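Here the structure is a predicted model, which is why all the values come from computation and not from measurement. Quick note: numbers below take in every heavy atom, side chains included, and nothing from hydrogens, waters or symmetry partners. Sequence positions, counted from 1, serve as the residue numbers for this chain.
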Amino acid sequence: MSETNQRLIVITINGYRKPGLTEEELHHHLCEIDNFSAARPHAEYLQMSKKLSDHDYIVQFVMKDVEDFKKVWEDPEFRKNVMPDHETFADTTRSGYVPSYT
């Protein structure tokens, strides 16, 4: 498959805000504080905090292949800064993810 026709992997996180966190606080956290830049070398991402569905926010990571996902997941900066940060704004008992291809 040529590079221009390559199917991309998309990980979509459908998230709910942590109980007690206002919509404004969630928006501030996602747009001003959260540091998804640790994923940047390996994946493009899109984050939205507008209430477009039942979820409070949606984050999408778009990657070339599974190896890029492994690079993000195993990246020390991502594991140190991004993963633990979810506990400050996300209701991890309700949030979920959907892997797919483009």
Side-chain angles (χ1 to χ4, degrees):
M1 183 178 281
S2 75
E3 188 142 332
T4 57
N5 293 331
Q6 181 179 8
R7 293 179 69 184
L8 301 173
I9 294 175
V10 180
I11 306 291
T12 302
I13 300 170
N14 300 306
Y16 294 91
R17 69 179 179 263
K18 188 175 186 173
L21 195 69
T22 68
E23 199 166 327
E24 292 78 21
E25 291 169 326
L26 173 68
H27 180 80
H28 174 75
H29 194 90
L30 288 175
C31 296
E32 304 295 331
I33 296 172
D34 211 349
N35 184 12
F36 284 108
S37 63
R40 178 65 73 188
H42 313 295
E44 291 297 316
Y45 70 95
L46 165 69
Q47 63 184 40
M48 303 181 323
S49 59
K50 292 262 186 212
K51 189 80 169 172
L52 300 175
S53 65
D54 180 47
H55 306 99
D56 293 310
Y57 64 92
I58 299 169
V59 177
Q60 288 188 313
F61 292 91
V62 180
M63 297 159 271
K64 292 182 292 185
D65 54 35
V66 173
E67 290 304 313
D68 281 346
F69 175 75
K70 288 179 185 176
K71 288 175 188 173
V72 170
W73 197 254
E74 294 169 357
D75 183 277
E77 186 177 343
F78 183 83
R79 294 185 77 77
K80 177 183 173 193
N81 297 314
V82 177
M83 289 175 68
D85 186 51
H86 284 102
E87 296 298 326
T88 62
F89 70 88
D91 181 347
T92 56
T93 65
R94 295 179 64 209
S95 300
Y97 71 93
V98 177
S100 60
Y101 287 97
T102 60

With a 4.5 Å cut-off on side-chain heavy-atom distances among I, L, V, M, F, W and Y, is there a chain of contacts connecting Val66 to Tyr97?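 Same cluster: Val66 reaches Tyr97 through Ile, Leu, Val, Met, Phe, Trp or Tyr contacts under 4.5 Å.
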
Tell me whether Val59 shares a hydrophobic cluster with Val98, the cluster being built from Ile, Leu, Val, Met, Phe, Trp, Tyr side chains joined at under 4.5 Å.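 Cluster IDs for Val59 and Val98 differ.
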
Thr92 side chain near Tyr16 side chain, heavy-atom distance below 4.5 Å: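 Contact flag for Thr92/Tyr16 side chains = no.
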
Flag side-chain contact, heavy atom, 4.5 Å: Ile58 against Ile13: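 Not in contact.
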
How long is the straight-line distance from [atom2] of [Y] back to [atom1] of [X], given to the nearest 0.5 Å?
X	Y	atom1	atom2	answer
Glu24	Thr22	CD	OG1	4.5 Å
Arg94	His55	CZ	NE2	8.5 Å
His28	Phe89	NE2	CZ	12.5 Å

Taking [Y]'s backbone N and O only, do any of them form a donor-acceptor pair with [X]'s side chain (distance below 3.5 Å, no angle check)?
X	Y	result
Lys64	Leu8	no
Glu87	Pro84	no
Arg79	Trp73	yes

What is the minimum heavy-atom distance between [X] and [Y], and which atoms define it?
X	Y	answer
Leu21	Arg17	O-NE, 2.7 Å
Tyr57	Ala90	OH-CB, 3.2 Å
Gly15	Ser95	CA-OG, 3.3 Å

Could I get the full list of side-chain hydrogen bond (donor to acceptor under 3.5 Å, both in side chains) partners for Thr12, not counting sequence neighbours?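 Only Gln60 meet the side-chain hydrogen bond (donor to acceptor under 3.5 Å, both in side chains) criterion with Thr12.
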
Would you please name every residue forming a side-chain contact (heavy atoms from CB on, under 4.5 Å) with Thr88, sequence neighbours left out?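 Partners of Thr88 under the side-chain contact (heavy atoms from CB on, under 4.5 Å) test: His29, Asp85.
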
What pairs with Thr93 under side-chain contact (heavy atoms from CB on, under 4.5 Å), at least two apart in sequence or on another chain?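 side-chain contact (heavy atoms from CB on, under 4.5 Å) check on Thr93 returns Asp91.
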
Working for ring-ring contact (aromatic ring centres under 6.0 Å, His included), residues Phe69 and Phe61: CA-CA 9 Å; Phe69 175 75; Phe61 292 91; 8.3 Å; no

Contacts of Glu67 that satisfy salt bridge (charged side-chain N to carboxylate O under 4.0 Å, His left out) - sequence neighbours left out: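 For Glu67, the residues satisfying salt bridge (charged side-chain N to carboxylate O under 4.0 Å, His left out) (neighbours in sequence not counted) are Lys70.
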
Against Pro99, only a single residue in Ile11, Val10, Ile9 fulfils side chain to side chain contact (heavy atoms under 4.5 Å, CB included); can you say which?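 The residue from Ile11, Val10, Ile9 that satisfies side chain to side chain contact (heavy atoms under 4.5 Å, CB included) with Pro99 turns out to be Ile11.
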
